[in-house]
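The shown structure was predicted, so the numbers you read here are calculated from the model rather than taken from an experiment. Side chains included, hydrogens not; waters and symmetry mates left out as well; all remaining heavy atoms used.
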Amino acid sequence: MYRKLKLDVVNSIKDAINTLDWEVPDNIPVEEPPNAKMGDLASSVAFELAGKLKKSPVEITQDILKVFIKPENFDQVESKGPYLNFFIDYQKFSKLVLNSINEGYGNLKIKNRKIILEHTSANPNGPLHIGHIRNSIIGDSLNRVLMRAGYTVETQYYVNDMGRQIAMVVWGLFNLKFDEKTAETSYKEQINYDPYLWAEQILKNRPELDALEEKYVNALKNILYLQVLVDENQKDHQIGKLYFRVNQELKARPELIDEISQLLITYEGGEDPLLEFIFKEAVNSCLEGMEPTLKRLHVNHDSFIWESKYVRDGSVEKVIEKLKDSGYTKENEVLYLDLKDFGIEKELVLMRSDGTSLYSTRDLAYHLEKSRKGDVVIDILGSDHKLAIDQIRLALGFLDVKSPEVIFYEFITLPEGSMSTRRGVFISVDQLMTEAVERAKAEIKKRRTDLDGTEIAEIAEKIGIGAIRYYIARLSPEKHMVFKWDEALSFERGCASIQYAHARACKLLQKAEKFDATIDLENILDHYQLENSEMELIKTISQFTSVIEESAQTRKVHKIAQYSLDLASAFNKFYKSLPVIGSEEEILRVFLVDKSRITIKNCLDLLGIEAPESM
RNA sequence: GCCCUGAUAGUGUAGUGGAUAUCACGUAGGAUUGCGGAUCCUAUUACCCGGGUUCAAGUCCCGGUCAGGGCACCA
């Protein structure tokens, strides 16, 4: 609705300029004035026209006003110096806004464009940590915004199963054992049993295993242990610990790198089914551990795409062949793309000298496929990928397909420095969520004595997870972020106050006797002058769709976070300044409360945050 | 060294070249015999430095300073 207002203003200004027989500028600026006394919308076109017409902006504004025809839903148009100021006719506008809102408020017109959105894509060599979720939360929120804005979106998680890091995990499976002491598994306690002994017995007396090398048997034991005895949500943590230990081994004995490379060569060769099984199990276990984490955070992926696919189906090879045709490849010891002509000093190596493929080449094949499948391709990436993406863009240009739009985010670091799975320095998302929900519980217990444990747990989950998502989503992605527990989990203001506004609205509706979804707004508003806080609230509600549109177009989700706070604030002001239940305007106000409730709920949903009905 | 990003009240942040710079936390006051005080109101304090472009610069350009990241046959 708000967008229509703006559009009407622009068009009426254009009409006026046409009437005056002046040239219409390409861009008619419409903005919100700094002060309510200056109206609801304003334009500074006069400045733009001043140069060409050789007249003062003030004069121009006067001239425009003389021929100006007031658009619908406005009751006053004035000039304040060089500005044109527009005042909304709230009696009319309110009818329009309130009548247009139903449970699906915010769903924009279907756009018939398919977007492939890749996000998260963390290496499956450990649990997700707070650095990764900036990616997940930006990506998932954007997915929600784009879908509401009418796009068809497919979200993908690109699984790196062929990299050196995974080979290191596999090396660990071959040569190390999981540290049983750190495996906090309830099942293990239940059976009170040495899991390796157990695995050994399962594998005993199998003649087919006798033929296997010792390390294969060890790997199978490890996998058995992982699959059967480790709780699902702990699998990624176990892999992470193993990966950390392999890194330590490697530091002590650098020559191990040859063994690890050999694993990669064999896996890529595709002629050792057992090794392939072990790689896949390693990756799968880790993904199985990440799944409950993402689910609890309300992050959704439509598909998981394994990078090995592009080696197996020959598309990596095809990409390399096609790039050779571009004329920019060179070869000395190794095949690479020379991009100096395009201002990139760093060459893009396409294949290792041992013949195995590299991440960037496989990524190229992946992007090629995405470009063909979607009208728009969006990647959410850490800013450390900037150079790589510049190279990919050029290469995709050689391949004649469109490049992805990339949303870069700067890193989240700990006060003591950067996080690293390799060094085992990180705060896992599981840990963060547990802590957040615990703090929320404590907070609820302080405020509510009428709830039982189950109810408290349910609400705490919504508040705790909401706090995390909001903390990350509110910040513009190019801002570097230092993680601090107290800031991330603060319930004062921030997300909880938005949820509170929703709970408050729900409570009102529950108490109200005069709720009627089919009231005769026309009639009511013809006999009632809206109060300021009501007008403000209606205006804020009406902005919801334009916020979505803008957020979708600019691919920036932090605007939604900002808006949700404005919305809650407008509702709270209304609530505080006017009585609802028992007032003469109860029917109208309850109706307005219901529309507010819907808008807050749908707005939080865009951020993957639940709106509790009571808290 | 080269490249990319950021720099806005005590802190964290928003800001499409346009009027009095957003929001939150913090601090100091205040409100409520009303629908839930995770609320509302008031005060408080800011555009890193130096040039330039423009009628108009937090916003654009150039040069610094500080912070983070990148410059692998890693992902």
Side-chain angles (χ1 to χ4, degrees), chain A residues 27 29-31 33-35 38 42-44 46-48 50-51 56-57 80-83 85 121-123 125 160 162-166 261 307 333-336 343-346 349-360 362-363 382-388 390 408-411 413 418 422 443-444 446-448 463 474-482 484 486-487 490-501 503-505 507-512 533 550 554 558-559 561-562 565-566 568-569 571-573 575-583 586 589-590 593 614-615:
Chain A
N27 179 37
V30 176
E31 65 221 48
N35 190 312
M38 300 171 181
S43 179
S44 58
F47 288 107
E48 197 135 343
S56 83
K80 310 250 179 199
Y83 293 89
N85 298 66
S121 301
N123 270 329
N125 60 354
N160 304 137
M162 241 187 190
R164 182 151 281 161
Q165 301 184 4
I166 301 310
S261 297
E307 60 171 346
E333 290 172 17
V334 76
L335 185 73
Y336 66 95
I344 295 179
E345 287 302 309
K346 193 68 217 160
V349 176
L350 296 170
M351 204 191 277
R352 289 195 186 94
S353 53
D354 65 14
T356 55
S357 61
L358 280 148
Y359 174 83
S360 25
R362 299 186 295 265
D363 200 27
S383 62
D384 53 336
H385 286 69
K386 275 181 180 166
L387 175 63
D390 284 342
F408 291 109
Y409 60 91
E410 296 295 323
F411 280 11
T413 54
S418 61
R422 181 168 53 81
E443 201 64 33
I444 297 167
K446 263 197 272 174
R447 297 164 198 263
R448 301 284 296 266
I463 293 176
R474 61 186 248 283
L475 194 60
S476 134
E478 62 270 17
K479 217 91 170 183
H480 172 228
M481 194 173 196
V482 179
K484 293 186 184 120
D486 286 337
E487 283 173 14
S490 155
F491 302 116
E492 295 302 314
R493 295 309 198 126
C495 189
S497 72
I498 302 161
Q499 292 172 314
Y500 184 70
R504 186 177 246 178
K507 188 62 180 272
L508 271 179
L509 290 165
Q510 196 188 314
K511 279 198 161 181
S533 64
E550 197 193 340
T554 58
H558 68 273
K559 291 171 194 289
Q562 184 65 47
L565 206 55
D566 292 345
S569 172
F571 178 75
N572 281 328
K573 278 174 196 167
Y575 175 89
K576 208 70 186 181
S577 61
L578 299 169
V580 176
I581 291 168
S583 85
E586 177 164 346
R589 289 193 184 141
V590 169
V593 168
S614 155
M615 61 189 273

Query raised in the report: Does the side chain of A:R352 get closer than 4.0 angstrom to OP1 or OP2 of B:rA75 through an N or O atom?
Result: yes
Query raised in the report: Does RNA chain B take part in any stems of at least 3 consecutive Watson-Crick or G-U pairs (both distances under 3.5 Å), and if so, which ones?
Result: B:1-7 with B:65-71, B:10-12 with B:23-25, B:26-31 with B:39-44, B:48-52 with B:60-64
Report task. Write down the distance between CG (A:L335) and P (B:rC73), rounded to a whole number of angstrom. Result -> 13 Å
Query raised in the report: Counting side-chain heavy atoms from C-beta on, which of B:rA75, B:rC35, B:rC40 comes nearest to A:A388?
Result: B:rA75
Query raised in the report: For B:rC74, does either OP1 or OP2 sit under 4.0 Å from a side-chain N or O belonging to A:R422?
Result: no
**Report entry** Side-chain N,O (A:R362) to OP1/OP2 (B:rA75) below 4.0 Å
**Finding:** yes
Query raised in the report: What nucleotide, of B:rG36, B:rA19, B:rC73, holds the atom closest to the side chain of A:P34?
Result: B:rA19
**Report entry** Rounded distance in Å - CD (A:Q499) to P (B:rG36)
**Finding:** 18 Å
Query raised in the report: Under 4.0 Å: is that the gap between some side-chain N or O of A:R504 and OP1 or OP2 of B:rG36?
Result: no
**Report entry** N/O (side chain, A:Y359) to phosphate O (OP1/OP2, B:rA75) under 4.0 Å
**Finding:** no
Query raised in the report: Nearest-Å distance, CE (A:M615) to P (B:rA38)?
Result: 9 Å
**Report entry** A:K346, nearest nucleotide to its side chain (from B:rA75, B:rG69, B:rA72)
**Finding:** B:rA72
Query - Which residue lies more 5' along RNA chain B, comparing A:E333 with A:I444 via nearest heavy atoms - result: A:I444
Report summary line: Picking from B:rA38, B:rU39, B:rC73, the nucleotide nearest the side-chain atoms of A:N572 would be B:rU39
What pairs of nitrogen or oxygen atoms, one from the protein and one from nucleotides 3-14 of chain B, lie under 3.5 Å apart?
| residue | atom | partner | partner atom | Å |
| --- | --- | --- | --- | --- |
| B:rC4 | O2' | A:K386 | NZ | 2.9 |
| B:rU5 | O4' | A:K386 | NZ | 3.4 |
| B:rU5 | O2' | A:E478 | O | 3.4 |
| B:rA7 | OP1 | A:K479 | NZ | 3.2 |
| B:rG12 | O2' | A:R474 | NH2 | 3.2 |
| B:rA14 | OP1 | A:S476 | N | 3.1 |
| B:rA14 | OP1 | A:S476 | OG | 3.3 |
| B:rA14 | OP2 | A:K479 | NZ | 2.9 |

Query raised in the report: Can you find a side chain N or O atom of A:R447 that sits less than 4.0 Å from OP1 or OP2 on B:rA38?
Result: yes
Query raised in the report: Atom CG of A:N123 to atom P of B:rA75: distance rounded to whole Å?
Result: 9 Å
Query - Closest-nucleotide 5' rank along RNA chain B - winner of A:K80 and A:S353 - result: A:K80
Requested in this report: Using the test side-chain hydrogen bond (donor to acceptor under 3.5 Å, both in side chains), find all partners of A:K576 that sit at least two apart in sequence or belong to another chain.
Outcome: none
Requested in this report: Could you tell me the separation between the CZ atom of A:F411 and the P atom of B:rG70, rounded to a whole number of Å?
Outcome: 6 Å
Requested in this report: Please determine, for the side chain of A:F47, which listed nucleotide (B:rC55, B:rC73, B:rU16) has the closest atom?
Outcome: B:rC55
Query raised in the report: With respect to the side chain of A:N35, which nucleotide from B:rU20, B:rC74, B:rG36 is positioned closest?
Result: B:rU20
Query raised in the report: If only side-chain N and O atoms of A:K576 are considered, is one of them under 4.0 Å from the OP1 or OP2 phosphate oxygen of B:rA31?
Result: no
Query raised in the report: Taking atom P of B:rA38 as reference, at what distance in whole Å does atom CG of A:L565 sit?
Result: 16 Å
Report summary line: From NZ of A:K511 across to P of B:rC35 the rounded distance in Å is 6 Å
